[in-house]
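Worksheet: the structure to be examined is printed underneath.
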There are 2 protein chains.
Amino acid sequence: MLSVAYSAEAKHLNAARLAPQPERLEELFCAVPRESFEAGEGVFWEGDQADHVFKVSEGVLRVFKIIADGRRVITGFLYAGDLVGLSLKDRYLYSAEAVTPVRLRRLARKPFAEALEKWPDLRPQFFARVCDEMATAQDQMVLLSRKSAEERVATFLMLLARRLHGCHPIGRRIHLPMSRLDMADYLGLTIETVSRTITKLVARGVISPEGRHDFAICKPGKLLALCGDGDSYEDTIDREPKMRQAIWPH
Amino acid sequence: MLSVAYSAEAKHLNAARLAPQPERLEELFCAVPRESFEAGEGVFWEGDQADHVFKVSEGVLRVFKIIADGRRVITGFLYAGDLVGLSLKDRYLYSAEAVTPVRLRRLARKPFAEALEKWPDLRPQFFARVCDEMATAQDQMVLLSRKSAEERVATFLMLLARRLHGCHPIGRRIHLPMSRLDMADYLGLTIETVSRTITKLVARGVISPEGRHDFAICKPGKLLALCGDGDSYEDTIDREPKMRQAIWPH
DNA sequence: CGGTTATTTGACGAGGTTCAACCTAGGTGG
DNA sequence: CCACCTAGGTTGAACCTCGTCAAATAACCG
């Protein structure tokens with residue numbers, strides 16, 4: 001935890017002192033060896049002492065919570081380069097499991113926090129990561145709160161497309177490493193609804209299946225429109241009066 | 001307020017010198033005057049340059065996003081003592097409006113960031129705030145993703161009860177300053193469903209209305225059970241085997 | 001007191017879930 | 001090399017929760 005950082009003993013700084021100053025947050029992790037996890041294997045569990053911060057180096061991780069009756073909510077999928085366990089205090093708020101075979105680097109919280117104290121340049125980078133995490137969480141709240149099944153699936157596909165090849169996923173293929181159940185638990189739907197929605201998108205020629213876990217995006221514009229994010233300019237103008245009524249009921 | 005007294009005195013003593021080191025993050029805000037907003041008034045808008053950080057000093061704020069068709073998602077309600085605009089980069093990710101008449105203090109981002117650099121003691125406090133924000137966001141994702149209308153409303157009431165008087169809301173009254181529409185947009189429901197659900201809870205004697213915006217919690221245990229969080233210890237143990245099966249489908 | 005807005009209540013329908021059957025791919029063993 | 005087996009995925013039909021539309025009621029404000 002950050003609060004212990006500035007009172008750290010010298011011995012905790014040893015590793016850091018020997019290492020050159022990292023230029024980027026990610027480089028902190030280069031010193032430690034990589035650990036491997038098989039698909040389905042757990043990395044840590046909700047409620048565990050949050051001793052470590054992780055950097056995914058290969059593969060995909062799912063992060064989730066369980067509530068009554070065993071209902072599961074996947075709050076995110078993490079890809080190579082993503083950091084896990086940043087915005088935590090003493091306990092993990094969620095569990096993490098490997099979706100695919102995963103390799104990751106583990107850094108104890110203490111040296112991580114010490115590095116942040118020692119090298120101020122790292123702090124904005126750290127902060128930016130946390131902000132991204134927050135922004136993602138907010139988008140997910142929007143999705144879960146107000147989007148239809150179709151919009152949810154479209155948004156998810158768009159998200160993966162963007163992650164895999166920048167902002168112009170035209171005609172590109174996307175790979176869905178996770179099961180339909182994972183998707184469902186991420187999108188707040190059931191596997192059946194996810195499956196049906198995908199079928200519908202395929203039928204309309206928006207995407208085209210290339211095996212069960214790969215799709216080609218045939219109509220990226222259409223897919224974007226289906227996300228329901230309403231970021232087109234005309235839309236904004238057209239709905240202004242209606243919005244005012246809805247937003248400011250006073 | 002204590003923090004006001006501290007600030008005034010310290011400022012006097014250190015007139016021409018460096019500002020005094022604030023003991024707490026919140027005290028940073030004591031120097032600036034309070035601004036007032038009427039109910040329904042906007043404080044900042046999604047997409048605006050994120051120049052300031054705010055501390056609510058009185059009243060309740062709602063924080064929300066708008067998507068296509070004017071659909072609104074309220075991502076949070078902020079009460080006295082809460083900080084707004086912490087986990088942001090250059091632009092606000094959401095809009096903020098006053099639910100009730102609000103008084104708040106505004107601090108420019110730059111001095112805020114400088115204070116964080118200058119006084120390391122503030123950083124863990126800042127970090128803790130951000131973590132709480134994240135934890136809240138995750139709980140909200142769980143609510144929106146997997147909870148029934150009844151569970152959502154119960155969770156909301158419980159949240160307010162806890163905020164108003166600690167962890168034991170037995171027999172206590174809660175005040176809902178926001179409209180049913182606000183509640184609906186926060187819980188991912190419609191006003192009608194919110195209304196009906198409340199009516200049902202009243203009919204079952206779980207809560208009892210005292211005007212439209214005040215309720216007494218008659219059966220806090222029952223209300224807690226209705227939240228669907230399954231956070232009782234026995235529950236966790238009992239469902240362990242079932243969970244494992246659900247979590248690792250491989 | 002009258003007009004306005006928020007909330008409640010009712011009837012109905014749609015979107016999504018549930019339950020169940022079926023299909024498909026990938027792995028295993030004969 | 002093929003048949004079988006199994007887990008994951010798809011499809012169908014009934015059901016149900018919640019959303020929609022409409023009207024009634026209750027609080028609010030001048």
Side-chain angles (χ1 to χ4, degrees), chain A residues 39-40 62 69-73 99-100 143-154 176-203 207-215 226 228 242 244-250, chain B residues 38-40 62 69-73 99-101 143-154 156 175-203 207-215 226 228 245-250:
Chain A
R62 65 175 163 249
D69 332 331
R71 282 174 283 183
R72 184 180 70 162
V73 177
V99 171
T100 65
L143 180 144
L144 295 170
S145 183
R146 288 286 178 235
K147 287 191 179 179
S148 69
E150 190 171 79
E151 288 171 332
R152 294 182 196 205
V153 172
L176 311 175
M178 68 291 293
S179 69
R180 296 290 190 264
L181 180 59
D182 282 339
M183 292 178 58
D185 285 349
Y186 180 65
L187 297 175
L189 302 168
T190 59
I191 40 176
E192 292 94 334
T193 303
V194 169
S195 180
R196 276 187 255 269
T197 307
I198 289 176
T199 302
K200 212 193 304 175
L201 290 177
V202 169
I207 56 176
S208 135
E210 307 185 346
R212 287 226 271 243
H213 292 276
D214 293 271
F215 292 87
L226 289 174
K242 199 174 163 191
R244 299 208 106 84
Q245 193 184 4
I247 299 169
W248 298 298
H250 300 277
Chain B
E38 294 169 27
R62 66 175 163 251
D69 331 330
R71 282 174 284 182
R72 184 181 71 163
V73 178
V99 171
T100 65
L143 180 144
L144 295 170
S145 184
R146 287 287 179 233
K147 287 191 179 180
S148 69
E150 190 171 77
E151 288 171 331
R152 293 181 197 204
V153 172
F156 182 65
H175 177 65
L176 312 175
M178 66 293 293
S179 70
R180 296 288 191 265
L181 180 59
D182 282 340
M183 290 177 59
D185 285 349
Y186 180 64
L187 298 175
L189 301 168
T190 59
I191 39 176
E192 293 94 335
T193 302
V194 169
S195 180
R196 276 187 256 268
T197 307
I198 289 177
T199 302
K200 212 193 307 175
L201 291 177
V202 169
I207 56 177
S208 135
E210 308 184 346
R212 260 160 163 174
H213 292 275
D214 293 271
F215 293 87
L226 288 175
Q245 192 183 4
I247 299 168
W248 296 303
H250 301 278

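Letters A, B, ... are given to chains in the order of the sequence lines, protein chains preceding strands, and every chain is numbered from 1.
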Practice problem: Report yes if some heavy atom in the side chain of Tyr186(B) is under 4.5 Å from a heavy atom in the side chain of Val73(B); otherwise report no. | Solution: no
Practice problem: Identify whether any heavy atom of Ile191(B) sits under 4.0 Å from a base atom; if not, whether one sits that close to sugar-phosphate; answer base, sugar-phosphate or nothing. | Solution: nothing
Self-check item: Close side-chain approach of Met183(B) and Phe156(B), heavy atoms under 4.5 Å
Solution: yes
Quiz prompt | First of Arg146(B) and Val194(B) reached from the 5' end of DNA chain C, by closest nucleotide | solution = Val194(B)
Practice problem: Return the nearest nucleotide to the side chain of Thr193(B); candidates are dC18(D), dT17(C), dT10(D). | Solution: dC18(D)
Quiz prompt | Shortest non-hydrogen contact between Ser145(A) and Gly188(B), atoms and distance | solution = OG-CA, 3.4 Å
Exercise. Grab the CE-P distance between Met178(A) and dG9(D) for me, whole Å please.
Key: 11 Å
Exercise. Give a yes/no answer on whether the side chain of Thr190(B) brings an N or O atom under 4.0 Å of OP1 or OP2 in dC18(D).
Key: no
Practice problem: Determine whether Ile198(A) and Arg180(A) make a side-chain contact, defined as any pair of heavy atoms from C-beta on separated by less than 4.5 Å. | Solution: yes
Exercise. Please examine the side chains of Leu181(A) and Arg72(A), heavy atoms only from C-beta on, and report whether any two atoms are closer than 4.5 Å.
Key: yes
Quiz item: Where is the tightest heavy-atom contact between Arg152(A) and Leu144(A), given as atom of each residue plus distance?
Solution: NH2-O, 3.1 Å
Practice problem: State plainly whether the residues Arg62(B) and Asp185(B) are in salt-bridge range, i.e. N to O under 4.0 Å. | Solution: no
Review item, nucleotides 10-14 of chain C N/O atoms under 3.5 Å of protein N/O:
from    : atom 1 : to        : atom 2 : distance (Å)
dG10(C) : N7     : Arg196(B) : NH1    : 2.9
dG10(C) : O6     : Arg196(B) : NH2    : 3.4

Practice problem: Answer yes when Arg196(B) and Glu150(B) have at least one side-chain N-carboxylate O distance shorter than 4.0 Å, and no when they do not. | Solution: no
Quiz item: Less than 4.5 Å apart, any side-chain heavy atom of Thr193(B) and any of Thr190(B)?
Solution: yes
Quiz item: Choosing from dT10(D), dT7(C), dG16(C), which nucleotide comes nearest the side chain of Thr199(A)?
Solution: dT10(D)
Quiz prompt | Nearest-Å distance for atom pair CG/P, residues Asp185(A) and dT17(C) | solution = 11 Å
Quiz item: To the nearest angstrom, how far is Leu201(B) atom CG from dT8(C) atom C1'?
Solution: 15 Å
Exercise. Round to the nearest Å and state the distance from Met183(A) atom CE to dG9(D) atom P.
Key: 10 Å
Exercise. Would you mind reading off the distance between Leu187(A) atom CG and dG16(C) atom P, rounded to a whole angstrom?
Key: 12 Å
Self-check item: Global bending angle along the helix from dC1(C)-dG30(D) to dG30(C)-dC1(D), which compares the axes of five pairs at either end, to 10 degrees
Solution: 30°
Quiz item: Is Glu210(B) atom CD crowded by more than 12 heavy atoms from other residues, nucleotides or ligands, each under 6.0 Å away?
Solution: yes
Quiz item: For Glu150(B) and dT17(D), what is the distance between atoms CD and P respectively, to the nearest whole Å?
Solution: 11 Å
Show each protein N/O and nucleotides 24-30 of chain D N/O combination with a separation under 3.5 Å, one pair to a line.
from    : atom 1 : to        : atom 2 : distance (Å)
dA27(D) : O4'    : Arg212(B) : NH1    : 3.1

Quiz item: Between dT17(D) atom P and Leu189(A) atom CG, what is the distance in whole Å?
Solution: 18 Å
Exercise. Specify the separation, in whole Å, of atom CG of Leu176(A) and atom C1' of dG9(D).
Key: 13 Å
Self-check item: Carboxylate-amine/guanidinium contact Asp69(B) Arg146(A), below 4.0 Å
Solution: no
Quiz item: For the side chain of Arg180(A), counting heavy atoms from C-beta on, which of dT18(C), dT10(D), dG19(D) is nearest?
Solution: dT10(D)
Quiz prompt | Donor-acceptor under 3.5 Å (Thr199(B) side chain, Ser195(B) main chain) | solution = yes
Quiz item: What nucleic acid atoms does Ile198(A) come within less than 4.0 Å of, heavy atoms only: base, sugar-phosphate, or nothing?
Solution: nothing
